[in-house]
Amino acid sequence: MAGLTLREVAKSYGDTDVITNLDLDIQDGEFVVFVGPSGCGKSTLLRMIAGLEEITGGTIAIGNKVVNDIAPAKRGVAMVFQTYALYPHMTVYKNMAFGLKQAKTPADEIDRRVKAAAETLEITPLLERTPRALSGGQRQRVAIGRAIVREPEVFLFDEPLSNLDAALRVQTRIEIARLHKRLGTTMIYVTHDQVEAMTLADKIIVLRDGNIEQVGSPIELYEKPQNMFVAQFIGSPKMNFFKAEELNDKGQSYLKGEADIIGIRPEHLKLAGKTDALITATPDLIENLGEIALVHCKTASSMEFIAKTTDLSAFPVGKEVKLTANTSVLNFFNSTSQQAV
Amino acid sequence: MSPFVRSSRFGTFFWPILAWVLALLFFFPIFWMVLTSFKTDADAVKPEFLFFFTPTLENYFNMTENYDYWRFAINSGITSVFATLFTLSVGVPAAYAMAFNPSRHTKDILVWMLSTKMLPAAAVLYPMTFLTKNMLGLFDTHFLVILVLSLINLPIVIWMLFTYFKEIPKEIIEAGKMDGVSFWGEMGDIVLPLAWGGLASTALLCFIFCWNEAYWTVRLTTTDAATLSKLIEGNRAPEGLFFGRLSAVSTAAVGPIVVLGWFCQKQLVRGLTFGAVK
């Protein structure tokens, strides 16, 4: 097992910089999630760690060993691909054994490891089948199994759940979390789905345009986002931003110094008492999800935002309401720098 | 297709009949050729013996005894096999490189390769003959025929292989890299097994093209490296119209390739890549 150290890592294709001077430390045994919108460089970064993509600057070290010029298979990493990338002409057993065979592992050792991994993933009955005879979920397990048998120091997952249907995605997500608990191996996981990031990660790394926007535990990112991008990217529905003109006097009184925007998460908005109203708005649409409802509101200046509530009677459609939130959950930002204040 | 064609009774009868008529029309010359090969030269030109005649193997005996059929057939076999092998040994790496490590110019290179097929062969006939005969001393050698057959088929072979290789998901190759497979392992254990169906059909097609090639083999050979095309050509006009003999030669030239195609067609229709991803 090993941690990772990335120093001034850069990647460019010709004149286009994809990743610029990125520093990152990943502790041994950590579950780290790279998250960000498409094109932010998260997959490229993962592929650079895997060795499938050359780096144009800096160093990547796995454990204490700089791996810049080391072939993918010799880095002690194993990767699970988005498309599974199983060898279609080999049985499940051979798929899992292939990497070990390349490493000249003795046959009985290969057999032991493949069977143990199959046992863990409950795919023992599938060992003699070919990938085409498997369902999407089963293929995903085989792909994970292929990574497990190599007993890598670091697991790399490249959006492994995005080809599964919703129910299977939740189930597999839990299995991956269990797997991490049992193996205790460092795992790096790429996703654009912030729910996956929140549920799986010890540490989330939010990327945008090849730069790290914030590194922290899911709760840190959720409660104390360092900038407006992270604030909106983490959490669903996203955080509402209120400028001074959309706030009541009370609301405006919170804006001090650099701060000119208040960020409030939809679930923190509630009906105000007599003195603590921050915003005046009119609910104009309700999406009732059953256990919870999303109330789409408009301020007097026609700014739209969402409140999340369990108490629908507090939000009569078409009638003006006064809303507030506890001061402890308010986030303050500067609109010019986009940073938290 | 218009709804009229799809639903009417006229359509359900008319189109199959038209198809049969066309098929028979196309097939007839070949049928006639095979039939004629069993007639004497005298019977061959008489309309009353078109379908009803006394069959004879005389032409075939004549062909093998007096015209050295086997030598030509062996030459055809040797040149086609080696040209196919050579074409593949150049084409596989070329197509592999372009499919898995494409550059900005890959498309241009592919189009350029194909454009060489647009050059009229007749335009280079004289330079080729002069060079090989008077300067290089390669005229009428197996080497020359193999080289020429390889070169004229290379563009089409690279194009075919390129499209087959393209169908192999890149992630599978990358998974191989993660598993630590060597270059040769990647070729032997991943690329070729996955592209096997495509590789086999490319090889077969290349072999057929080589076997059937007439323009160059007729003009760049005389005896030593002469192929079946040359044999057919040699049995033509000068001595008059010997249709029986000519038909026998032609049938014997076409036969092997038809049989080969017949046996291979099932093996060729195999989509191994299906189910690899997603």
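Since this is a predicted model, take the numbers as computed values, not measurements. All chains are named by letter (A, B, ...) in the order of the sequence lines, taking the proteins before the strands, and each is independently numbered beginning at 1.
In B/Phe13, the CZ atom is not crowded: 12 or fewer heavy atoms of neighbouring residues, nucleotides or ligands sit closer than 6.0 Å. Counting heavy atoms of neighbouring residues, nucleotides and ligands inside a 6.0 Å radius, atom CZ of B/Phe143 does not exceed 12 of them. Heavy atoms from other residues, nucleotides or ligands lying under 6.0 Å from CG of A/Asp165 number more than 12. The number of heavy atoms from other shown groups lying within 6.0 Å of CD (A/Glu151) is above 12. Around atom NZ of A/Lys74, no more than 12 heavy atoms belonging to other residues, nucleotides or ligands sit under 6.0 Å away. Environment of CZ in B/Phe26: sparse, with no more than 12 heavy atoms of neighbouring residues, nucleotides or ligands closer than 6.0 Å. Counting non-hydrogen atoms of other residues, nucleotides and ligands closer than 6.0 Å to CZ of A/Arg182 gives a total above 12. Other residues, nucleotides and ligands contribute over 12 non-hydrogen atoms within 6.0 Å of the CZ atom of B/Phe100.
Taking every heavy atom of both residues into account, B/Asp189 and A/Met90 meet most closely at O-CE, 3.7 Å. The two atoms that bring A/Ala85 and B/Ala175 nearest to each other are O-CB, 3.7 Å, heavy atoms only. Scanning both residues, B/Gly180 and A/Ala73, for their nearest heavy atoms gives CA-CB, 3.0 Å.
Distance alone, capped at 3.5 Å, is enough to place a donor-acceptor pair between the A/Tyr87 side chain and the B/Gly176 backbone. For the pair A/Arg150 (side chain) and B/Met178 (backbone), a donor-acceptor distance under 3.5 Å is present.
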For the pair B/Glu174 and A/Arg47, evaluate side-chain contact (heavy atoms from CB on, under 4.5 Å) and give the outcome as yes or no after the intermediate values. CA-CA 10 Å; B/Glu174 289 180 340; A/Arg47 292 165 54 81; 2.6 Å; yes
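In this structure the side chain of B/Asp179 never reaches within 4.5 angstrom of the side chain of A/Lys101, judged on heavy atoms. By the 4.5 Å heavy-atom criterion applied to side chains, B/Ile172 and A/Phe81 are not counted as neighbours. Two residues are said to be in side-chain contact when any heavy atoms from C-beta on lie closer than 4.5 Å; B/Pro169 and A/Thr83 fail this criterion.
For A/Val77, the parts lying under 4.5 angstrom from a heavy atom of chain B are both the backbone and the side chain. Of the atoms belonging to A/Ala103, not a single heavy atom falls under 4.5 Å from chain B.
Between the CG atom of B/Leu192 and the NE2 atom of A/His89 there is a distance of 9.5 Å, given to the nearest 0.5 Å.
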